[in-house]
Amino acid sequence: MTDVGRHPRIELLTLSEVVDVQGYIGNFRIKVLRKARYVDEKECTACSDCLEVCPVTKPNEFDLGLSTRKAIYQPFPQAVPSAFVLNLEDCLGNNPIACGKCAEACDLKCIDYDMQDKEVEFRVGTVIVATGMDVYDPTELDEFGYTRFENVITSLEFERLINSGGPTEGHLIRPTDWQLPKRVAFIQCIGSRSEKRGNPYCSNICCMNTVKDSLLIKDHWPEVEIKVFYMDIRAFGKGFEDLYKRSKAAGVMYIRGIPGDIREDPEAKNLILLSEDRNEGKVVEHEVDMVILSVGLVPNSDSPIIRQLLTLSQTSDGFFMEAHPKLLPVDAPTKGVFFAGCAEAPKDIKDSVTQASAAASRANILMSAGKITIEAITSHIDEELCKACGICARVCPYHAIEFDKEKKLPARVIEASCHGCGACAAECTFGAITMRHFTDQQIISQIESALGENPQDKVVVFACNWCSYAGGDFAGISRLQYPPSVRIIRTMCSGRVDEKFVLHAFKLGAPIVLVSGCHFADCHYISANRWTQKRVEKLWDKLEKKGVRPERLQLEWISAAEGLKFAKVMKEMEELRKGVTMEEIEYTQKEL
Amino acid sequence: MEIERAETEELRIGVFVCYCGLNISGTVDCEAVAEYARGLKDVVVVNTNRYTCSEPGQQTIKDHIKEHNLNRVVVASCTPLMHEPTFRAACQEVGLNPYLLEMVNLREHCSWVHMHEPEKATEKAKDMVKMGVSRARYLQPQIEKEVSVDKSALVIGGGIAGIQASLDLANAGYQVYLVEKKPSIGGTMAQIDKTFPTMDCSI
């Protein structure tokens with residue numbers, strides 16, 4: 001940690017949040033909101049003079065409320081930067097009548113109540129997302145009595161209790177009587193591996209964390225009786241099995257089965273766990289002095305913000321999705337962005353460090369080369385055909401089209417800014433825009449081939465490259481079966497799907513056409529899929545006016561992780577197809 | 001709908017149907033698909049291969065491009081999200097613009113999802129190859145744009161992962177901006193006492 005603080009090439013921005021990301025691989029423009037610390041970070045020596053005079057007492061967040069801090073404080077002794085921070089919400093203020101004591105006590109005059117939040121801007125070539133995770137809050141699992149019974153604590157609270165830098169200086173005590181608990185129970189899989197409450201996935205670290213915690217207790221206080229209630233002990237990593245054996249050899253009892261209920265002895269404040277003895281087939285009571293809930297990990301609550309800023313995706317568990325689960329495990333789908341640590345999935349420290357080095361190495365490959373070729377999928381405007389209506393400039397999510405309303409000159413594409421979604425080409429009614437590598441001709445030739453023979457048996461599916469098409473790939477990888485009637489046409493974005501593609505498919509006898517793209521927050525072209533929706537809605541009206549059932553044009557949002565949904569939608573399309581009669585198709589062909 | 005092709009040169013398309021071991025050929029009759037492709041307009045050569053992505057598989061494509069003077073290549077194998085870069089590079093090596101390659105996703109979008117309907121899967125595969133060949137006929141060479149990569153990185157989050165990534169990058173000589181929401185770096189790791197399996201301190 002201190003290495004980071006003193007490294008000449010690391011600019012550390014604490015109390016800071018990324019608020020805007022523009023640009024593309026190699027050329028990201030970042031805006032960071034740096035919140036006021038109210039203490040001069042460079043001058044403060046963490047001498048504690050201010051702390052001694054501060055009259056405010058608040059729960060210490062770092063110790064999870066097990067200790068207190070002042071309104072001006074150091075988060076923890078080894079904090080980097082090692083400067084104090086003033087929480088203005090807790091502070092009584094600088095009005096001399098109210099308080100202002102800390103500023104008076106500070107010899108170096110580091111405290112500035114008028115410090116303002118600042119916006120910092122800089123450019124970077126690569127981005128590493130290491131936003132970590134949150135710890136599961138077990139309050140909703142009422143049967144375990146967390147918050148109802150004082151002597152039921154979480155594994156993270158236990159970490160603070162057994163830490164020599166923690167509120168008890170490392171003396172294990174139970175909250176009610178501050179005495180060493182003689183009998184301790186750990187309960188595993190709290191918030192993990194449950195379809196009903198908490199999360200269905202395994203949180204990866206909790207088994208070994210408990211094994212470690214049990215040994216920490218046994219090393220200091222061998223007389224303490226420890227029972228671990230578990231579903232499975234997953235000790236799969238290097239050195240893990242040895243540690244598990246050491247714990248068992250130290251006398252820790254491992255009992256299979258999670259207790260169904262915890263009761264409290266109102267006098268002694270002891271806890272009675274009810275668990276099923278699977279061998280005997282009967283309910284057994286275990287009385288202990290303290291219970292530690294081995295809580296799982298959940299996605300960081302800030303993940304949705306980061307996801308939107310960098311146009312990332314998430315897997316069904318809520319953690320960030322990698323570009324490929326095996327071959328590109330640290331790359332994000334957005335080029336130039338990489339994952340490190342629990343942001344991608346729950347993992348232990350060793351795996352986090354490994355992934356962080358991998359992410360740094362992946363970023364290094366780009367930066368050491370110093371340049372990268374970008375796919376030539378950009379749009380081009382034919383100046384002679386352009387009528388200077390300005391629609392293309394309006395739909396471009398990247399403001400990559402220059403258009404002067406006053407002068408009425410033909411619009412112009414700024415190629416370096418064009419990401420190639422194709423929304424402009426789809427919206428241009430004069431055919432003035434060519435989308436390179438996804439031209440009208442190329443797409444129409446695919447439609448015509450797909451519907452060349454027996455069009456009544458086919459479903460035409462437009463799938464965007466990043467989400468729906470990849471969702472189809474995921475259905476394949478997962479071997480999810482669906483009817484073979486679908487013919488998939490890939491476009492980079494659903495925003496590329498021109499009205500005329502859909503109408504042409506109907507004209508050629510397609511019973512059903514599906515347009516599919518990313519979910520709104522996931523669109524790889526910021527918001528190009530909003531235009532997809534508007535266009536499809538317009539088409540629904542048009543079809544209805546012509547006497548064609550609008551249901552024959554379908555719109556679905558399918559993410560790259562939703563293989564299951566992709567297969568389900570394909571089955572639904574086949575059902576819809578069966579409901580379209582030949583007469584209907586012929587009528588449509590005549591009307592359109 | 002009227003479709004006009006801008007170019008006038010003679011089209012010479014090569015189609016390469018991949019078995020992918022049994023991944024595709026276990027469901028789809030690849031030889032039947034190849035036979036069908038031989039009858040498509042402008043197709044001058046069709047080849048089947050056990051693993052087209054392998055070194056010999058790629059060599060076959062390169063040899064055929066040279067031998068038959070191909071100006072369009074259709075590879076009917078797996079998802080373009082996986083091997084498009086591989087086959088584009090193969091084309092480029094023998095002087096064919098990489099954008100003249102078209103991929104047909106017979107594995108993820110056909111053989112793996114219609115495992116119990118081999119006949120219908122084969123019919124679909126033929127359609128898919130036909131769609132790929134049609135599209136290939138209208139492909140145009142493209143020039144890729146080169147952009148510079150700024151030699152600096154943003155690391156979001158100052159836990160153990162963010163710290164490690166920042167140090168690695170900074171030690172490699174790059175400017176690093178490490179952004180942390182809390183007043184100190186350290187993350188969850190800093191709250192933990194000892195760490196498994198070596199039982200050493202976290203900080």
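Because the structure is a prediction, the values reported are computed rather than measured. Numbered from 1 within each chain, the chains take letters A, B, ... in sequence-line order.
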Pair B/M199, A/L215 - check side-chain contact (heavy atoms from CB on, under 4.5 Å), show working. CA-CA 9 Å; B/M199 309 295 278; A/L215 278 166; 3.8 Å; yes
For A/I447, is it the side chain, the backbone, both, or neither that has a heavy atom closer than 4.5 Å to a heavy atom of chain B? neither
Chain B contacts, top residue of A/T354, A/V80, A/T131, A/L243 (heavy-atom pairs, under 4.5 Å): A/V80
Nearest 0.5 Å, please: how far is CZ in A/R123 from OH in B/Y177? 11.0 Å
Side chain from CB out, backbone as N, CA, C, O: work out which of these in B/I143 comes under 4.5 Å of a heavy atom of chain A, or both, or neither. backbone
For A/E61, does the CD atom sit with more than 12 other heavy atoms under 6.0 Å from it, leaving out its own atoms? yes
Exercise: identify the closest heavy-atom pair between A/F62 and B/Q191: O-NE2, 3.0 Å
First locate atom CD of A/E11, then atom OG of B/S152, and finally report the distance between them rounded to the nearest 0.5 Å. 11.0 Å
Contact class of A/R37 relative to chain B, heavy atoms under 4.5 angstrom: side chain
Any side-chain donor paired with an acceptor under 3.5 Å for A/S449 and B/S134? yes
If I measure from the heavy atoms of chain B, does A/Y482 come under 4.5 Å with its side chain, its backbone, both, or neither? both
Starting from the C-alpha separation in whole Å, work towards a yes-or-no answer on side-chain contact (heavy atoms from CB on, under 4.5 Å) for A/I128 and B/L154. CA-CA 6 Å; A/I128 290 178; B/L154 162 69; over 6 Å; no
Please report the interatomic distance OG(A/S368) to NZ(B/K151), rounded to the nearest 0.5 Å. 6.5 Å
Would A/E375 and B/R88 pass as an ion pair if we require N to O under 4.0 Å? yes
If one checks every heavy atom of A/Q78 against chain B at 4.5 Å, the contacting part turns out to be side chain
Counting heavy-atom pairs under 4.5 Å with chain B, which one of A/A450, A/S352, A/G341 comes out on top? A/A450
Would you mind checking which part of A/Y469 comes under 4.5 Å of any heavy atom in chain B, side chain (CB onward), backbone (N, CA, C, O), both or neither? both
If we ignore angles and hydrogens, is there a donor and acceptor under 3.5 Å between the side chains of A/N364 and B/D168? no
Please look at B/M115 and chain A and tell me whether the side chain, the backbone, both or neither of the residue comes under 4.5 angstrom of a heavy atom of that chain. both
Measuring heavy-atom distances to chain A, does B/N23 have an atom under 4.5 Å in its side chain, in its backbone, in both, or in neither? side chain
Heaviest contributor of heavy-atom pairs below 4.5 Å to chain B, chosen from A/S357, A/A79, A/A340, A/G165, is A/S357
Kindly indicate, with the supporting measurements, whether the criterion side-chain contact (heavy atoms from CB on, under 4.5 Å) is fulfilled by B/Q175 and A/V124. CA-CA 9 Å; B/Q175 172 66 34; A/V124 294; over 6 Å; no
Let me see the working for B/D127 and A/K458 under salt bridge (Lys or Arg N to Asp or Glu O under 4.0 Å), right down to the final yes or no. CA-CA 10 Å; B/D127 257 13; A/K458 318 274 174 72; 2.7 Å; yes
Considering only heavy atoms, which portion of A/H7 lies under 4.5 Å from any heavy atom of chain B: side chain, backbone, both, or neither? side chain
Does any backbone or side-chain atom of A/V486 lie under 4.5 Å from a heavy atom of chain B? Answer side chain, backbone, both or neither. both
Would a 4.5 Å heavy-atom cut-off, applied to side chains only, mark A/S16 and B/K181 as touching? no
For the residue pair B/V149 and A/N27, establish whether any side-chain heavy-atom pair is separated by less than 4.5 Å. no
Heavy-atom pairs under 4.5 Å with chain B - which of A/L508, A/I477, A/V129 has more of them than the others? A/I477
Identify the two heavy atoms, one from A/P484 and one from B/E117, that lie closest to each other, and give their separation to 0.1 Å. CD-OE1, 3.5 Å
Based on non-hydrogen pairs under 4.5 Å, which of B/K194, B/E108, B/E123, B/K145 is most in contact with chain A? B/K145
From the list B/I192, B/T198, B/I185, the residue making the most non-hydrogen contacts under 4.5 Å with chain A is B/I185
Closest non-hydrogen atoms of B/V147 and A/I25, given as atom of the first, atom of the second and distance, are CG2-O, 4.2 Å
Using distance alone, with no hydrogens and no angle criterion, decide if A/Q442 and B/R135 have a side-chain donor and acceptor under 3.5 Å apart. yes
Contacting region of A/V85 [heavy-atom separation from chain B under 4.5 Å]: side chain
With a 4.0 Å cut-off on N to O distance, would you call B/D193 and A/K212 a salt bridge? no
I'd like to know if A/R490 and B/E84 make a salt bridge, using a cut-off of under 4.0 Å between side-chain N and carboxylate O. yes
Which answer fits A/L480, side chain, backbone, both or neither, if we ask what part of it has an atom under 4.5 Å from a heavy atom of chain B? backbone
Atom NZ of B/K120: over 12 foreign heavy atoms under 6.0 Å: no
I'd like to know which of B/G157, B/P197, B/G158, B/G159 tops the heavy-atom pair count under 4.5 Å against chain A. B/P197
Run B/N105 and A/D473 through side-chain contact (heavy atoms from CB on, under 4.5 Å) and show every step you take. CA-CA 9 Å; B/N105 191 350; A/D473 283 354; 2.9 Å; yes
A/Y73 to B/P183 - nearest heavy-atom pair and separation: OH-CG, 4.4 Å
Just say parallel, tilted or perpendicular for the rings of A/F240 and B/F196, cut-offs at 30° and 60°. perpendicular
Let me know if A/A470 has heavy atoms under 4.5 Å from chain B in its side chain, its backbone, both or neither. both
Around B/K182, counting heavy atoms of other residues, nucleotides and ligands shown, do more than 12 lie under 6.0 Å from its NZ? no
Looking at A/E241, I want to see if its CD is surrounded by more than 12 non-hydrogen atoms of other residues, nucleotides or ligands under 6.0 Å. yes
Where on A/I306 is there a heavy atom nearer than 4.5 Å to chain B: the side chain, the backbone, both, or neither? side chain
Checking heavy atoms, do the side chain of A/K507, its backbone, both or neither come under 4.5 Å from chain B? neither
Contact summary for A/E453 and B/Y36, nearest pair of heavy atoms: OE2-OH, 4.4 Å
Please state whether the side chain, the backbone, both or neither of A/L309 comes within less than 4.5 Å of a heavy atom of chain B. neither
Side chain from CB out, backbone as N, CA, C, O: work out which of these in B/A190 comes under 4.5 Å of a heavy atom of chain A, or both, or neither. both
Taking all atoms of both residues into account, what is the closest heavy-atom pair of B/Y174 and A/M367, and its distance? CE2-CB, 3.5 Å
Quick one: which of B/T188, B/L178, B/I163 has the most heavy-atom pairs under 4.5 Å with chain A, could you say? B/L178
Between B/E102, B/K124, B/M82, the one whose heavy-atom pairs under 4.5 Å with chain A are most numerous: B/K124
Partner chain B: residue of A/D302, A/V211, A/I30 with the largest heavy-atom pair count (under 4.5 Å): A/D302
Of the backbone (N, CA, C, O) and the side chain (C-beta and beyond), which part of A/V127 lies under 4.5 Å from a heavy atom of chain B, both, or neither? both
Just give me the residue among B/V179, B/V155, B/N171, B/V133 that pairs up with chain A most often, heavy atom to heavy atom, under 4.5 Å. B/V179
Among the listed options A/F566, A/F76, A/F122, A/F158, the residue most often paired with chain B at heavy-atom distances under 4.5 Å: A/F122
